[in-house]
Amino acid sequence: MFQIRREQLMEDIRRWLDEDVGMGDITTMATIPADHTAKGIIHAKEAGIIAGLFIAEMVFAEVDKELKFRAEVEEGSAVSPGTVLAVVEGKTRSILTGERLALNLMQRLSGIATKTRQFVDALDGMHVRLVDTRKTTPGHRYLEKYAVRVGGGHNHRFGLFDAVLIKDNHIKGAGGISNAVRAARDAIPHTMKIEVEVETLEQLEEAINAGADIIMLDNM
């Protein structure tokens with residue numbers, strides 16, 4: 001299971017802030033006195049699973065290290081509408097400049113965690129586990145996969161580099177499942193598993209006979 005690297009996250013936060021703030025928050029600087037202070041309250045508008053509180057804190061700290069951020073619930077908490085999630089206090093300009101990025105990230109990750117929990121709850125009592133895919137937002141994969149875990153799901157492969165997943169186009173290019181599995185087995189470390197995606201019962205039987213470690217049923 002991969003872990004979020006704070007160094008990478010910090011680099012991304014700086015880049016996202018630069019994308020949003022650029023040369024400066026024109027509206028805030030024009031309308032809010034420099035010495036004005038305020039308390040910002042982040043609350044839930046819908047029921048759900050909360051993810052990304054520590055990321056919001058990092059965003060506000062990057063904008064202004066003097067801002068005080070206090071989480072009012074635990075990461076991964078199930079909350080109801082109106083629940084206060086966090087409080088941030090300090091210069092009003094700093095709060096307004098950082099709030100959109102902080103909220104965007106929390107909303108995105110909490111939405112993924114919430115939807116994941118719904119599927120996990122639907123599977124309760126079954127001997128299965130819910131796993132994610134590589135169909136993620138470019139640049140946000142590590143955060144979105146983190147949110148899946150917060151919601152009670154599990155991570156599939158992270159990218160093309162950490163597992164073998166033989167799909168339909170690999171099968172066509174290799175001339176069949178057996179050929180693809182044999183070629184992959186010869187090329188990878190003996191500790192790595194081979195997964196094959198199949199579309200028919202005939203392909204399923206071929207994958208089993210070829211020695212696939214994991215079989216994915218594609219829209220069956």
Side-chain angles (χ1 to χ4, degrees), residues 1-13 44 46-58 71 73-80 83 85 104-171 177 180-181 184-185 187-199 201 203-204 207-208 210-220:
M1 181 178 71
F2 76 95
Q3 299 293 329
I4 289 179
R5 293 192 299 108
R6 290 185 72 88
E7 297 84 357
Q8 178 185 359
L9 178 55
M10 197 69 255
E11 289 179 5
D12 285 337
I13 286 173
E46 299 179 5
I49 306 299
I50 300 305
L53 282 165
F54 73 97
I55 302 174
E57 181 176 11
M58 291 174 67
V73 299
E74 296 289 331
E75 186 84 348
S77 296
V79 301
S80 56
T83 300
L85 308 178
N104 281 352
L105 291 167
M106 281 192 62
Q107 288 170 337
R108 176 68 175 166
L109 300 187
S110 296
I112 292 171
T114 299
K115 180 61 70 174
T116 300
R117 181 65 59 84
Q118 292 172 357
F119 287 126
V120 169
D121 288 345
L123 295 171
D124 186 46
M126 303 180 187
H127 296 293
V128 298
R129 70 164 42 175
L130 182 73
V131 297
D132 57 22
T133 75
R134 285 171 46 244
K135 297 172 184 177
T136 54
T137 307
H140 290 250
R141 178 172 298 174
Y142 70 106
L143 293 180
E144 293 177 351
K145 282 180 169 285
Y146 162 77
V148 167
R149 297 204 309 273
V150 172
H154 298 266
N155 297 141
H156 196 222
R157 61 177 180 165
F158 186 80
L160 295 172
F161 54 85
D162 60 347
V164 173
L165 174 51
I166 298 173
K167 299 169 71 69
D168 54 348
N169 288 329
H170 301 110
I171 293 170
I177 290 175
V181 171
R185 190 72 72 189
I188 63 175
H190 72 278
T191 55
M192 185 174 288
K193 294 183 181 297
I194 295 177
E195 182 171 355
V196 178
E197 183 179 86
V198 302
E199 300 176 344
L201 292 178
Q203 286 187 329
L204 172 63
I208 293 172
D213 300 298
I214 304 170
I215 296 175
M216 178 188 294
L217 306 180
D218 181 28
N219 297 322
M220 292 176 66

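All values below were derived from every heavy atom in this structure, side-chain atoms included, with hydrogens, water molecules and symmetry-related copies excluded.
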**Student:** Taking side chain as C-beta onward, heavy atoms only, is R129 less than 4.5 Å from V131?
**Tutor:** yes

**Student:** Do M106 and I55 have side-chain heavy atoms sitting under 4.5 Å apart?
**Tutor:** no

**Student:** Please determine whether side chain to side chain contact (heavy atoms under 4.5 Å, CB included) holds for the pair E195 and H156, giving the CA-CA distance in whole Å, both sets of side-chain angles, and the decisive distance to 0.1 Å.
**Tutor:** CA-CA 11 Å; E195 182 171 355; H156 196 222; 2.8 Å; yes

**Student:** Between the main-chain N or O of V79 and the side-chain N or O of S77, is there a donor-acceptor pair closer than 3.5 Å?
**Tutor:** no

**Student:** More than 12 heavy atoms of other residues, nucleotides or ligands under 6.0 Å from CZ of R134: is that the case?
**Tutor:** yes

**Student:** Which heavy atom of G153 sits nearest a heavy atom of T116, and at what distance?
**Tutor:** N-CG2, 3.6 Å

**Student:** Sub-3.5 Å donor-acceptor pair from the side chain of S110 to the main-chain atoms of A51, do we have one?
**Tutor:** yes

**Student:** Can you give each donor-acceptor pair under 3.5 Å made by side-chain atoms of residues 158-168, sequence neighbours left out, with the distance rounded to 0.1 Å?
**Tutor:**
residue	atom	partner	partner atom	Å
D162	OD1	F158	N	3.4
D162	OD1	G159	N	3.3
D162	OD2	F158	N	2.8
K167	NZ	E197	OE2	3.1

**Student:** Pairs of donor and acceptor atoms involving the side chains of residues 211-218, under 3.5 Å and at least two apart or interchain, shall be tabulated with distances.
**Tutor:**
residue	atom	partner	partner atom	Å
D213	OD2	R185	NH1	3.2
D213	OD2	R185	NH2	3.4
D213	OD2	I194	N	2.8

**Student:** Do any N or O atoms from the side chain of Q203 and from the backbone of I177 form a donor-acceptor pair under 3.5 angstrom?
**Tutor:** no

**Student:** Looking at E46, I want to see if its CD is surrounded by more than 12 non-hydrogen atoms of other residues, nucleotides or ligands under 6.0 Å.
**Tutor:** no

**Student:** Rounded to the nearest 0.5 Å, how far does CG of L105 lie from NE2 of H140?
**Tutor:** 7.0 Å

**Student:** CD1 of I112 to CD of Q107: how many Å apart, nearest 0.5 Å?
**Tutor:** 12.0 Å

**Student:** Locate the shortest heavy-atom distance separating L143 from L109; write the atom from each residue and the value.
**Tutor:** O-CD2, 3.5 Å

**Student:** Under the 3.5 angstrom rule, does the side chain of T114 hit a backbone N or O of I49 as a donor-acceptor pair?
**Tutor:** yes

**Student:** State whether the number of non-hydrogen atoms from other residues, nucleotides or ligands found under 6.0 Å of Q8 atom CD is greater than 12.
**Tutor:** yes

**Student:** Can any side-chain N or O of R117 pair as donor or acceptor with the backbone N or O of G151 at less than 3.5 Å?
**Tutor:** yes

**Student:** Would you say R149's side chain and N155's backbone share a donor-acceptor pair under 3.5 angstrom?
**Tutor:** no

**Student:** State, yes or no, whether a side-chain contact exists between M220 and V198 at a heavy-atom distance under 4.5 Å.
**Tutor:** yes

**Student:** Show the nearest heavy-atom pair for residues V196 and I171, with the distance to one decimal.
**Tutor:** CG1-CD1, 4.4 Å

**Student:** Judged by atom type as modelled, is there a donor-acceptor pair below 3.5 Å linking the side chain of K145 to the main-chain atoms of T136?
**Tutor:** no

**Student:** Using a strict threshold of under 4.0 Å (side-chain N to carboxylate O), is an ion pair present between R108 and E144?
**Tutor:** yes

**Student:** Decide whether Y142 and D12 meet the rule of one side-chain donor and one side-chain acceptor closer than 3.5 Å.
**Tutor:** yes

**Student:** Verify the neighbour count for atom CZ of F54: are there more than 12 heavy atoms of other residues, nucleotides or ligands below 6.0 Å?
**Tutor:** yes

